[in-house]
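In the text below, chain A, chain B and the rest are named by the order of the sequence lines, each starting its count at 1.
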Amino acid sequence: MTDLADTTIDALRQVGRALDPGVPDVAPDQAWAVRRSQHRLVSPGNRRHFRVIVVGTGLAGAGAAAALAELGYHVDAFTFHDAPRRAHSVAAQGGINAARARAVDNDSVHRFVVDTVKGGDFRAREADVFRLAAESSRVIDHLNAIGAPFAREYGGSLSTRSFGGVQVSRTYYTRGQTGQQLQVAAAQALLRQVKAGRVTLHTRHEMLDLVVADGRAQGIVTRDLVNGQIRAHTAHAVVLATGGYGSVFHHSTLAVHSNATAVWRAHLRGALFASPSFVQFHPTALPADSPNQAKTTLMSESLRNDGRVWVPTHPGDARRPNEIPEHERDYYLERRYPAYGNLAPRDISSRAARVEIDAGRGVGPQKNSVYLDFSDAIARLGRATIAERYGNLFAMYADVTGEDPYVEPMRIAPAAHFVMGGLWSDFDLMTSVPGLFVGGEAGSSYHGANRLGANSLLSACVDGWFTLPLTVPHHLAGLLGEPVLDSDAPEVAAAVASVRERVEALLAVGGRTRASSFHRELGEVLRRGCGVSRTEAGLRAALTEVSALRERFWADLWVPGDGGRLNQELESAGRVADFLDLAELMCLDALDRTESAGAHFRDEFQTALGEAKRDDDRWCSVSAWEHGSPPVRHHEPLHFSAVPMAERDYR
Amino acid sequence: MTSTTLRSATTSRARVSTFTLKLAMAVTGWLFALFAAVHMYGNLKAWFGADAYNGYAHWLHNALYPLLPRDGLLWIMRIVLAVALVVHVVASLVLYLRGRRARGRFRRRGHNRWAAATMPWTGLLLLAFLTFHILDLTLGIAGAAEYRAATADESFAYQNTVASMGRPLAGAAYLLAMLVLLVHLVHGLWSSATEFGLTGRRTRKAWKVIAYVLAIGITVGNLTLPIGVWTGLL
Amino acid sequence: MKLTVEVWRQESPADAGRWERHEVDDAASHLSLLDLLDLLNDQIAAAGGEPVAYESDCREGACGACGVTVNGVPHGPVPRTPSCRQHLRSFDGATRLRIEPLRSAAFPVVRDLVIDRSALDALVTAGGHVAINSGTASDAEALPIGHDDAETALDFAACIGCGACVAACPNGAAHLFAGAKLAHLAMLPQPALERGRRARAIVDELEQRFGPCSTYGECAEVCPAGISLAAVAAVHREGIRAWWRGRDD
């Protein structure tokens, strides 16, 4: 174990080159149209000769697989779930943004871009955000058509609501289950292609390695989770849509099986990893009641539309919330950010809550939460209206806590949620490995240093349904006549052998501690060192601790059972092993980036008012890490022409 | 999908579909229910005296004469009901077996739906009673000692019925059969809303009311007979 | 709280399976059913045994991955609530829990409490989709949809695909699942354009893989999405409609 307290940053990483994302040299709002006109096409008759692998069947993966199959390509779709409908996209509750700008609240594509770029604290690629905005209308049309029952007004038009970080109403929704409805619709579309014979669906298959040959991605290695069989699948291109890795924090809002393994394996095979430390902490999660809890429960941010956030003014106030008089309550979001109030962006809300909790004003048995109070809204709108808007969320809250939110305020707390970081990709969503594409949360380009609410479902849909179906064929067009990589090729055999070795290594450690226990410890380390706010000393300590934990992992891990059948302990061990490696890169990235931006808040870099202080001279770029010893940090310079750079100000 | 995750369909396609069988059961079930309602209406004539009852029975034998031969209407009803009975019983047997096979090795326990669960058994009891009822009052084979078959000019249905009910065992069987019929009808008629595809919330509620009213009406109407005989009112 | 947990152990689909009995000493009442399984697994592993395999993912009641049978009831004793949202505090002081997989011949056990529910996906694959390719949809507001129609469609669309309805059914029927899908898509203007062929495809697939409905109503009692029994009738409504019209729409 090495103590990193005094090591210079230069000893921990190398500095690489500037990256070119291939955005055409035109105004950012024109870039996607120009780029599309440059894309090569594959004629309909040739499409069935191409095979594409899509890993992940969430909103991005199912969309990409379905859309590519609709065009006529043969797709192999992989999910480690038993069914495509289970992906974590289902958990997005609040809604999906679209710049349809129907209402006369002065919304527009441009305003969408401003909100998203500003929300991301100027660390997103402007041209990508324009694409997001421009395609958003079609996303709603398409998902509506394939079965998502969006909420409607009595006049029959689509309903919208507001979300954190915006002053217009552009969020489309289906009660509190938008993600689930979009996911079900996308999974149906995928299964339609299964029926048509153009998609081969491989359920309960986990991707454990990427096959790179001739300098391009040509396949993956999977483990069949039911019978343990490890084998390779080859194709002309590979799309990773495997979701986010917020679950590295153990207690997070993510599904318990969400993991980084697919993107991490791709990273080890050469794909650059962008901004690994950019993790958003969701302000409206439920506080953990005990350390053993597997995850925290997410409450939709849409609750902040009608709920007011407050803490008692006196630290350690032990009274029930309803007994605390109005003048002893601090509605700190409304006080500090009068313009946005309770709808301040997520990073700001989370950090503000953390400040209150750390100052001893936290509430609940563990003093680790703040109140979200609906009494005003219930008095103003009536219980029935609130029940129609949030009924299932209130029921869920009552289930989890045994408390009635119609009577007493909810208790909420920040929790690790969405990762803006992920595999670096160019304007075509292609990673630094040719032929390897990325979509949805596994990628990195739209949200900068902080994602606005209801933009994640949108980015997954735009990638899957409208971007990858154009960019993947552009790559395929250059491969016309090329057969897929032979399954006997040495690169395939080597990848399969390395996966086998690794599985055997995990089984062979023979220690006494289960993977879940290491995961819990890793979460503690990251929450302390690489959480809502970070310091140089804390990050160095975290690096040291992660490296020690990894040593202990490989010395003391115990995986019960064998690799020849369903073994959830083995699956978990592999994912935790990758989390340990990823956590190190997260800390390194956070240490390296000597500024605060969005969700990446370094205590050393803040304004006089305690807000994130960017360093645009040095850090107006995306860090993209290449695997190595030490890792190499490349950077993609960012330029903003449509949205003038400014300090984020939600006051 | 891959072979490891998606099993092939377990049953062959060459068979009468469950969908058709369920519909057939619903239609034939309603046929019985309507027949039972008409039968009950006839039974109530007992309260207007032997002549009214026997006259009705006689009318049934000669209904629509000469358009139909004597006993023509009765035979049409007998044939239709017999066919319906065969369809209803065979379909229920096939569905029962399909249900058991689809459920597999581990039976569902602990649920509280005895009306639905007992449909096969109430059905069998009703079948047994029906056999006895025909032997008793139609054919007279298991009838009371005083049984007299109908002639071309008159019917003795009233005397036969009173004599039959007067036997404690036969009367008790009748009473029990009516309670079983109530259970069978309530669930059968209610669940036919599903077979007929009624999805509206209010429609389903209305259907439930109809099911209960019809089932209870038939049972109560019929039960007045044995009670009348035992109390000496008939 | 001290609990006796009898849990189903089965090595593989071919294995006959058996009950295994454990005493859990510190089962706090705020634990969810799945927290309890985690605690039990910690205990089993500490004694050198293999933890019980079970499925869960979002633990918020949205993904439909979890689902075990508790004392004979799919998902557990709290009605219309998924296993991940069943808390020990609501178990009426039960001191003995028998935990087994969701049972049905259509759902073979993969291992312990993990089952194969792909038969449900086969129903969706058969016809639970809409023939509109990416980018070809008309404007979502070109065809107005009434507020109540959208809400009712969502009531049916809310199905999370957990399979508890099948496990609750003494006949192993999947009418609630299939009917929810049919009713959901029949209520929306564009998906409704292929109502007839969808109904035929799904009803046919339903026949091949699942049992007959006897209107026990048990399915709706355990449905975590609160799908009403009207969904079951929708199978017949759509089936009869398709047969009567003899057309694909």
Quiz prompt | Region of B/A117 in contact with chain C, defined by heavy-atom distances below 4.5 Å | solution = both

Quiz item: Below 4.5 Å, heavy atoms only, C-beta onward: do C/R103 and B/R103 meet side chain to side chain?
Solution: yes

Quiz item: Where the side chain of B/K22 meets the backbone of C/P212, is there a donor-acceptor pair that is under 3.5 Å apart?
Solution: no

Practice problem: Calculate, to the nearest 0.5 Å, the distance between atoms CG and NE2 belonging to B/L198 and C/H236 respectively. | Solution: 11.0 Å

Exercise. Measure distances from C/V110 to the heavy atoms of chain B and classify the residue's part below 4.5 Å as side chain, backbone, both or neither.
Key: neither

Quiz prompt | Inter-residue atom distance C/D204.CG - B/F19.CZ, 0.5 Å rounding | solution = 11.5 Å

Exercise. To the nearest 0.5 angstrom, please state how far the CZ atom of B/F106 sits from the CZ atom of C/F107.
Key: 15.0 Å

Quiz item: Checking B/R98 against chain C: side chain, backbone, both or neither under 4.5 Å from a heavy atom?
Solution: both

Exercise. Kindly confirm or rule out a cation-pi arrangement of B/R113 over C/Y216, judged by NZ or CZ under 6.0 Å from the six-membered ring centre and within 45° of its axis?
Key: no

Quiz item: Where does C/A173 contact chain B at under 4.5 Å (heavy atoms): side chain, backbone, both or neither?
Solution: neither

Exercise. Identify which part of C/L229 has an atom lying under 4.5 Å from any heavy atom of chain B, answering side chain, backbone, both or neither.
Key: both

Quiz item: Using non-hydrogen atoms only, which part of C/V203 is less than 4.5 Å away from chain B: side chain, backbone, both, or neither?
Solution: side chain

Quiz prompt | Interatomic distance, C/S214 atom OG to B/Y96 atom OH [nearest 0.5 angstrom] | solution = 11.0 Å

Quiz item: Side chain, backbone, both or neither: which part of C/E221 has a heavy atom under 4.5 Å from chain B?
Solution: side chain

Quiz item: Atom CG in C/N171, atom OG1 in B/T18: separation rounded to 0.5 Å?
Solution: 10.0 Å

Quiz prompt | Interface residue of largest heavy-atom contact number with chain C, from B/M25, B/M119, B/R107, B/H187, under 4.5 Å | solution = B/H187

Quiz item: How long is the gap from SG on C/C169 to CZ on B/R108, to the nearest 0.5 Å?
Solution: 9.0 Å

Exercise. Against chain C, label B/R201 side chain, backbone, both or neither, depending on which of its atoms sit under 4.5 Å from a heavy atom there.
Key: neither

Quiz item: Taking NZ, NE, NH1 and NH2 as the nitrogens, is one of them in C/R237 or B/E195 under 4.0 Å from a carboxylate oxygen of the other?
Solution: no

